[in-house]
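Just so we're clear, the structure is a prediction, and the values are computed from it rather than from any experiment.
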Amino acid sequence: MVITQIAGASGARCRIYIDGQFAFVLYKGELRKFHLQEGQELPPDSYREITEELLPRRAKLRCMNLLQSKDYTRKQLEDKLAQGEYPQECIDGAIAYVESYGYLDDLRYARDYIEYHIDSRSRNRIEQDLLRKGIDSTLIAEAFAELEGLGVEQDEAAMVRELLMKKKYCAETATRQEQQRMYGFLYRRGFHADVIARAIF
């Protein structure tokens with residue numbers, strides 16, 4: 001294994017190429033620790049230490065640091081590690097590590113997200129938000145069902161009425177153009193067509 005290129009990535013990070021192929025990212029201090037230089041052979045023991053100890057440990061720490069500041073979905077954490085150019089094996093291992101300690105739980109994330117937004121966003125909007133965050137549709141449905149079992153329910157009709165009041169909309173005096181504009185406004189927020197129609201017409 002020959003180190004064919006050491007290229008600057010960002011700041012103190014360098015991208016390491018072995019035998020012409022990108023291998024991993026190291027910090028400059030780590031380059032000095034392993035005495036890595038372009039054109040030199042990478043000893044098997046050093047390669048094994050980097051790929052089986054250093055990078056997996058750093059990926060786990062990266063996950064832990066991210067989760068200290070806020071909750072992430074599995075997909076969001078995977079994307080963060082991929083942006084850091086960690087090998088896929090390190091990403092998988094780090095995700096499994098934080099999951100094993102309960103630090104990462106997509107069902108819990110979905111449940112908390114729904115509970116926080118249930119009075120301000122339509123179910124459809126919440127579902128779309130969670131899908132974009134990488135949460136599986138079956139987990140989203142399970143989270144809604146769990147909350148409904150606890151008596152947490154959504155009243156879309158009341159939410160629509162509140163929005164109409166804020167917009168100073170009056171169904172009795174609204175013109176056709178105003179009705180269409182308000183319909184589009186509410187529909188884009190994910191409210192069901194029949195709920196909108198009952199409120200604005």
**Student:** Take E49 and K33 through the salt bridge (charged side-chain N to carboxylate O under 4.0 Å, His left out) test and state the conclusion after the steps.
**Tutor:** CA-CA 12 Å; E49 184 177 348; K33 173 185 174 182; 3.7 Å; yes
**Student:** Could you check whether atom OH of Y101 has more than 12 heavy atoms from other residues, nucleotides or ligands sitting under 6.0 Å from it?
**Tutor:** no
**Student:** Where is the tightest heavy-atom contact between L55 and V25, given as atom of each residue plus distance?
**Tutor:** CD2-O, 3.7 Å
**Student:** Decide yes or no on side chain to side chain donor-acceptor pair (under 3.5 Å) for N124 and S122, but give the supporting numbers first.
**Tutor:** CA-CA 5 Å; N124 184 53; S122 67; 5.3 Å; no
**Student:** Using 4.0 Å as the upper bound for N to carboxylate O, is an ion pair formed by E148 and R123?
**Tutor:** yes
**Student:** Count the heavy atoms belonging to other residues, nucleotides or ligands that lie under 6.0 Å from CD of Q88, then report whether that count exceeds 12.
**Tutor:** yes
**Student:** Mind checking salt bridge (Lys or Arg N to Asp or Glu O under 4.0 Å) for K75 and listing every partner two or more places apart, or none if nothing turns up?
**Tutor:** D79
**Student:** More than 12 foreign heavy atoms under 6.0 Å from OH of Y183: is that the case here?
**Tutor:** yes
**Student:** Apply side chain to side chain donor-acceptor pair (under 3.5 Å) to the pair R121 and Y113, showing each step before the final yes or no.
**Tutor:** CA-CA 11 Å; R121 297 183 183 178; Y113 190 91; 2.7 Å; yes
**Student:** Among the clusters formed by ILVMFWY side chains lying less than 4.5 Å apart, do L104 and M64 turn up in the same one?
**Tutor:** yes
**Student:** Is E30 salt-bridged to R58, going by a charged N under 4.0 Å from an acidic O?
**Tutor:** yes
**Student:** Are the charged groups of R74 and E99 less than 4.0 angstrom apart, N to O?
**Tutor:** yes
**Student:** State, to 0.1 Å, how close G102 and R108 come at their nearest heavy-atom pair, and which atoms those are.
**Tutor:** O-NH1, 2.9 Å
**Student:** Just wondering, more than 12 heavy atoms not from E53 lying within 6.0 Å of its CD?
**Tutor:** yes
**Student:** Among Ile, Leu, Val, Met, Phe, Trp and Tyr joined by side-chain contacts under 4.5 Å, find the other residues sharing a cluster with Y27 and list them by chain and number.
**Tutor:** none
**Student:** Less than 3.5 Å apart, any donor N or O on the side chain of R15 or Y17 sitting next to an acceptor on the other?
**Tutor:** yes
**Student:** Would one find more than 12 heavy atoms of other residues, nucleotides or ligands at under 6.0 Å from atom CZ of R32?
**Tutor:** no
**Student:** Any chance CZ of F22 has more than 12 other-residue heavy atoms, nucleotides or ligands included, within less than 6.0 Å?
**Tutor:** yes
**Student:** Identify whether F24 and I3 are in the same connected component of the hydrophobic contact network (ILVMFWY, side-chain heavy atoms under 4.5 Å).
**Tutor:** yes
**Student:** What pairs meet the side chain to side chain donor-acceptor pair (under 3.5 Å) rule with one or both residues in residues 158-169, with sequence neighbours excluded?
**Tutor:** none
**Student:** If you count heavy atoms of other groups shown closer than 6.0 angstrom to NE2 of H192, is the number above 12?
**Tutor:** no
